[in-house]
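Only this structure's heavy atoms are used, side chains among them; waters, hydrogens and symmetry mates stay out. Every value quoted in this text rests on a predicted model; they were computed, and no experiment measured them. Atoms within a ligand are numbered from 1 in the order they appear, just like the ligands themselves.
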Amino acid sequence: MNIYLISLFPELIQQATSFGVLGRAIKQQQLTLKCFNPRDYTEDKHRTVDDRPYGGGPGMLMKVEPLYKAIMAAKEIAGNKVKVVYLSPQGKLVNQKLLVNIAAAGDDLILIAGRYEGIDERIIELLVDEEWSIGDYVISGGEFSALVVVDAITRLIPGVLGDDESALQDSFMQGLLDYPHYTRPETINGQIVPQVLLSGDHKAIQDWRLKQALGRTWLRRPDLLDAIKIDDSRWDEEKAKLLAEFKDEYQQ
Ligand SMILES: C[S@@+](CC[C@H](N)C(=O)[O-])C[C@H]1O[C@@H](n2cnc3c(N)ncnc32)[C@H](O)[C@@H]1O
């Protein structure tokens with residue numbers, strides 16, 4: 001998969017993408033990441049990348065011409081089918097389902113990282129296919145949002161994670177939160193590991209984990225549980241039974 005990033009701070013992107021899963025995926029060419037810096041498309045001697053907003057008021061906007069040229073340069077390499085996304089607090093909220101679809105399609109992306117008060121509305125109308133938000137809060141630059149999106153997509157590209165199963169059992173993948181995890185030692189300050197995990201009984205462990213995932217989701221994100229109950233194919237008698245058991249144990 002190829003991702004093209006439009007950013008005034010490509011060094012920030014390069015630094016952050018050289019570690020962990022992302023760094024390995026790039027090294028193994030499962031993902032290519034190329035930055036286009038609007039500053040490289042300026043023509044004045046100060047290499048200006050910001051401009052004042054019409055109508056006045058506080059803050060600056062990204063200067064139109066260098067931004068436009070940087071996006072067009074990325075489009076020229078990526079081809080016309082590429083999806084152009086502007087990271088924006090006004091966009092649709094990014095969730096696992098959206099990212100699973102993107103990773104499965106394997107289509108290339110251009111991600112525009114805004115700075116200052118954002119970008120000219122006409123750039124959005126002319127060049128942007130979708131606006132994505134990482135949450136209902138405002139951060140100072142789209143690089144961080146782009147990195148969140150790139151990281152989350154990368155771990156879903158087949159073959160990127162050592163054990164593909166580990167993405168499948170992550171929170172949200174099956175519509176539930178993940179179950180609790182434990183590692184050595186068996187006891188920490190008197191807190192012991194649930195005994196079933198030491199039993200070697202794979203079926204019992206699997207049931208326990210599903211019960212915990214259901215219970216956690218019921219406690220912390222009942223909205224997710226409601227959603228999978230509506231989608232009948234993901235809700236069955238076994239889940240209903242395990243959740244009922246969890247509720248009984250929780251209320252005791
Ligand atoms: C200071 S913000 C601009 C916010 C803009 N004035 C608004 O209120 O909608 C600068 C840039 O950070 C990025 N950004 C900020 N919050 C974001 C969010 N929740 N999701 C995605 N990108 C965000 C966008 O690229 C935005 O252009």
Side-chain angles (χ1 to χ4, degrees), residues 1-17 21-22 31 33-42 46-75 78 82-103 105 107-156 170-172 221 223-224:
M1 184 168 188
N2 303 301
I3 300 185
Y4 306 88
L5 264 146
I6 313 297
S7 164
L8 290 174
F9 298 105
E11 301 83 359
L12 197 163
I13 307 279
Q14 274 143 17
Q15 281 281 325
T17 52
V21 171
L22 212 43
L31 171 77
L33 211 54
K34 188 166 168 46
C35 291
F36 291 79
N37 186 346
R39 203 176 288 283
D40 295 335
Y41 298 87
T42 52
H46 298 294
R47 305 181 75 205
T48 309
V49 287
D50 62 349
D51 214 339
R52 280 170 295 144
Y54 278 121
M60 300 292 274
L61 292 173
M62 288 181 77
K63 190 171 173 60
V64 166
E65 294 85 349
L67 176 62
Y68 186 91
K69 285 181 187 162
I71 300 170
M72 292 311 286
K75 272 180 87 99
V82 71
K83 193 194 281 283
V84 181
V85 176
Y86 172 44
L87 280 318
S88 160
Q90 301 175 35
K92 83 171 153 200
L93 276 178
V94 169
N95 63 20
Q96 193 75 0
K97 192 171 172 194
L98 172 88
L99 300 175
V100 164
N101 290 338
I102 294 287
D107 295 337
D108 295 346
L109 289 177
I110 294 177
L111 300 179
I112 304 171
R115 280 275 156 179
Y116 317 117
E117 285 311 316
I119 69 177
D120 189 297
E121 196 63 25
R122 292 161 297 175
I123 296 269
I124 300 176
E125 282 157 15
L126 287 169
L127 297 179
V128 170
D129 298 310
E130 290 183 23
E131 292 180 61
W132 292 354
S133 166
I134 58 162
D136 289 345
Y137 46 82
V138 174
I139 57 175
S140 52
E143 286 76 15
F144 301 108
S145 338
L147 285 166
V148 166
V149 163
V150 170
D151 187 291
I153 291 175
T154 303
R155 52 186 290 111
L156 295 169
D170 276 343
S171 293
F172 310 113
R221 291 291 304 273
D223 57 309
L224 295 178

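Side-chain atoms of Leu61 and Asp51, non-hydrogen and from C-beta on, never get closer than 4.5 Å to each other.
Arg39 places a side-chain N or O within donor-acceptor distance of the main-chain N or O of Arg47, the cut-off being under 3.5 Å.
Under the side-chain contact (heavy atoms from CB on, under 4.5 Å) rule, Leu109 has a single partner from Asn2, Val84, Ile153, which is Ile153.
For a heavy-atom separation below 4.0 Å, the residues in contact with ligand 1 are Tyr86, Leu87, Ser88, Pro89, Gln90, Gly114, Tyr116, Glu117, Gly118, Trp132, Ser133, Ile134, Gly135, Tyr137, Val138, Ile139, Ser140, Gly141, Gly142, Ser145.
Other residues, nucleotides and ligands contribute only 12 or fewer heavy atoms inside 6.0 Å of the CG atom of Asp136. With a 6.0 Å radius and a threshold of 12 heavy atoms from other residues, nucleotides or ligands, Lys83 has its NZ atom at or below the threshold.
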Requested in this report: Go through the steps to decide whether Leu87 and Val94 satisfy the test side-chain contact (heavy atoms from CB on, under 4.5 Å), and finish with yes or no.
Outcome: CA-CA 10 Å; Leu87 280 318; Val94 169; 5.6 Å; no
